[in-house]
Amino acid sequence: MTSLTINDTPHVVEVEPDTPLLWVLRDILNLTGTKYGCGAGLCGACTVHVNGIPERSCQVSIGDLNGASVTTIEGIGTPGQLSILQQEWVACQVAQCGYCQSGQLMQATALLQENSAPTDEDINAAMSGNLCRCGSYPRLRAAIHAAAKRMAD
Ligand code: FES
Ligand code: FES
């Protein structure tokens, strides 16, 4: 049994302790915004925040999360109340097929929490583990810069 907070809501999860967090989010809690890509920690599609740090949820065991605070894509904005980064994501038309995008947004959100004015090099370094088969990298860089500018104003 694991007690944790997900998107500011307390949860008690009763599954085998080695169950990946991604399975719990999608299959038990129906938080399907977090995507399954490779299942091997290589693509970043499943990125969530664990205690404020971006983590690959396919590689995190639920048994290691007692008392943890998890944030998923559902926790950073809603269709009626998008975060500034999500608003700029839409304005820059970053999403193509969309499959990698929740992971990209979680990684980029963490970047902006740590670095309020990232350079292209900072962005490339922070986002290099989040793969996009549609090649949305130039647009996501533009969206991150635009969000950083708005947050600074
Ligand atoms: S699905 Fe977790 S890193 Fe690819
Ligand atoms: S938008 Fe299609 S994989 Fe990234």
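Values below: all heavy atoms of this structure, side chains included; hydrogens, waters and symmetry mates excluded. One-based numbering along the sequence shown. None of the values given here were measured: they were computed from a predicted structure. Just so you know, ligand 1 is whichever comes first in the structure, and atom 1 is the first atom listed for that ligand.
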Hey, is Q104 touching ligand 2 through its side chain, its backbone, both or neither, going by heavy atoms under 4.0 Å?
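Answer for Q104: neither.
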Between L22 and ligand 1, which part of the residue brings a heavy atom under 4.0 Å of the ligand: side chain, backbone, both or neither?
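Within the 4.0 Å criterion, L22 makes no contact with ligand 1.
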Any chance CG of D18 has more than 12 other-residue heavy atoms, nucleotides or ligands included, within less than 6.0 Å?
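Yes.
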Enumerate the atoms of ligand 1 whose separation from the nearest heavy atom of [X] is less than 4.0 angstrom.
| X | result |
| --- | --- |
| L42 | 3 (S) |
| G44 | 3 (S), 4 (Fe) |
| G41 | 3 (S) |
| C38 | 1 (S), 3 (S), 4 (Fe) |
| G39 | 1 (S), 4 (Fe) |

Is the distance from atom 2 (Fe) of ligand 2 to some N, O or S atom of C134 under 2.8 Å?
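Of the N, O and S atoms in C134, at least one lies under 2.8 Å from atom 2 (Fe) of ligand 2, which means yes.
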For a distance under 2.8 Å, tell me if C97 has an N/O/S atom near atom 2 (Fe) of ligand 2.
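It does; at least one qualifying atom falls short of 2.8 Å.
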State whether a side-chain donor-acceptor pair under 3.5 Å links [X] with [Y].
| X | Y | result |
| --- | --- | --- |
| W89 | Q101 | yes |
| Q87 | R150 | yes |
| R56 | T47 | yes |

Can you tell me, to 10 degrees, how wide the angle at atom 4 (Fe) of ligand 2 is between SG on C100 and SG on C132?
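Taking atom 4 (Fe) of ligand 2 as the apex, the two atoms subtend 100°.
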Proximal candidate to atom 1 (S) of ligand 2 [heavy atom criterion; set G98, C43, A45, G37]:
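Shortest heavy-atom distance from atom 1 (S) of ligand 2: G98.
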Heavy-atom side-chain contact between M106 and I73 under 4.5 Å
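Yes - at least one pair of side-chain heavy atoms lies under 4.5 Å apart.
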Are V48 and T71 side-chain neighbours, meaning at least one heavy-atom pair lies under 4.5 Å?
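The answer is no; the side chains never approach within 4.5 Å.
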Euclidean distance, S57 OG relative to L31 CG, rounded to 0.5 Å
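That separation rounds to 10.5 Å.
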Donor-acceptor pair, [X] side chain versus [Y] backbone, under 3.5 Å?
| X | Y | value |
| --- | --- | --- |
| N115 | D122 | no |
| S102 | G33 | yes |
| N66 | S3 | yes |

Taking a cutoff of less than 4.0 Å between a non-hydrogen atom of the residue and any ligand atom, is A95 in contact with ligand 2?
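For ligand 2, residue contact (heavy atoms, under 4.0 Å) with A95 is absent.
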What atoms of ligand 2 come within less than 4.0 Å of a heavy atom belonging to Q101?
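The atoms of ligand 2 under 4.0 Å from a heavy atom of Q101 are 1 (S), 4 (Fe).
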Vertex atom 2 (Fe) of ligand 1, rays to SG in C58 and SG in C46 - rounded to 10°:
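Result: 100°, to 10°.
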Among all protein heavy atoms, pick out the one at the shortest distance from atom 3 (S) of ligand 2; state its residue, atom name and that distance to 0.1 Å.
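Of every protein heavy atom, R133 N, 3.3 Å lies nearest to atom 3 (S) of ligand 2.
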